[in-house]
Amino acid sequence: TLSVGGSWTDVGTNNFVNNSGTVEFNGTSSQVIDINTIESFNNLTVNMAGITAGLELQGTDVIQVDGTLTLTDANGVIRLSLYCAIFPGP
């Protein structure tokens, strides 16, 4: 598992390769995902439990989850802009 406590930025040539692991967003303050167009994750966990922060997808960004998407949101907020999408992989 790759734990991300801050924001995720990949606006270049989409260098991230998802392989077979899990990426977990678990920050204690607001987190932003800012990518070029599409980012593919094998498993994605958004764990905002116990905090008042949020996770925000920017612009027209698309997240593709090929495996399991887990959303844990006790007090946090998961915000998607008008043109953002989260969809299952192939």
Is any side-chain heavy atom of Ser40 closer than 4.5 Å to one of Asp66?
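Yes, their side chains come closer than 4.5 Å.
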With side chains defined as the heavy atoms from C-beta onward, is the minimum distance between Asn43 and Val65 less than 4.5 Å?
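No - every pair of side-chain heavy atoms lies 4.5 Å or more apart.
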Between Asn42 and Ser20, is there a donor-acceptor pair closer than 3.5 Å when you use the side chain of the first and the backbone of the second?
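Present.
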Member of Thr70, Asn47, Val4 meeting the side-chain contact (heavy atoms from CB on, under 4.5 Å) criterion with Glu24
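For Glu24, the side-chain contact (heavy atoms from CB on, under 4.5 Å) check succeeds only for Asn47.
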Closest non-hydrogen atom pair between Gln31 and Gly5, with its separation:
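So the two residues come closest at NE2-C, 3.5 Å.
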Minimum heavy-atom separation for Trp8 to Val23, with atom names?
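Nearest heavy atoms, Trp8 then Val23: CZ3-CG1, 4.0 Å.
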Separation between [atom1] of [X] and [atom2] of [Y], rounded to the nearest 0.5 Å:
| X | Y | atom1 | atom2 | result |
| --- | --- | --- | --- | --- |
| Asp10 | Ile35 | CG | CD1 | 7.5 Å |
| Leu2 | Phe25 | CG | CZ | 8.5 Å |
| Asn18 | Gln64 | CG | CD | 8.0 Å |
| Ile63 | Leu44 | CD1 | CG | 6.0 Å |

Determine, using the 4.5 Å side-chain heavy-atom cutoff (strictly less than), whether Phe16 and Val32 are members of one ILVMFWY cluster.
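Different hydrophobic clusters.
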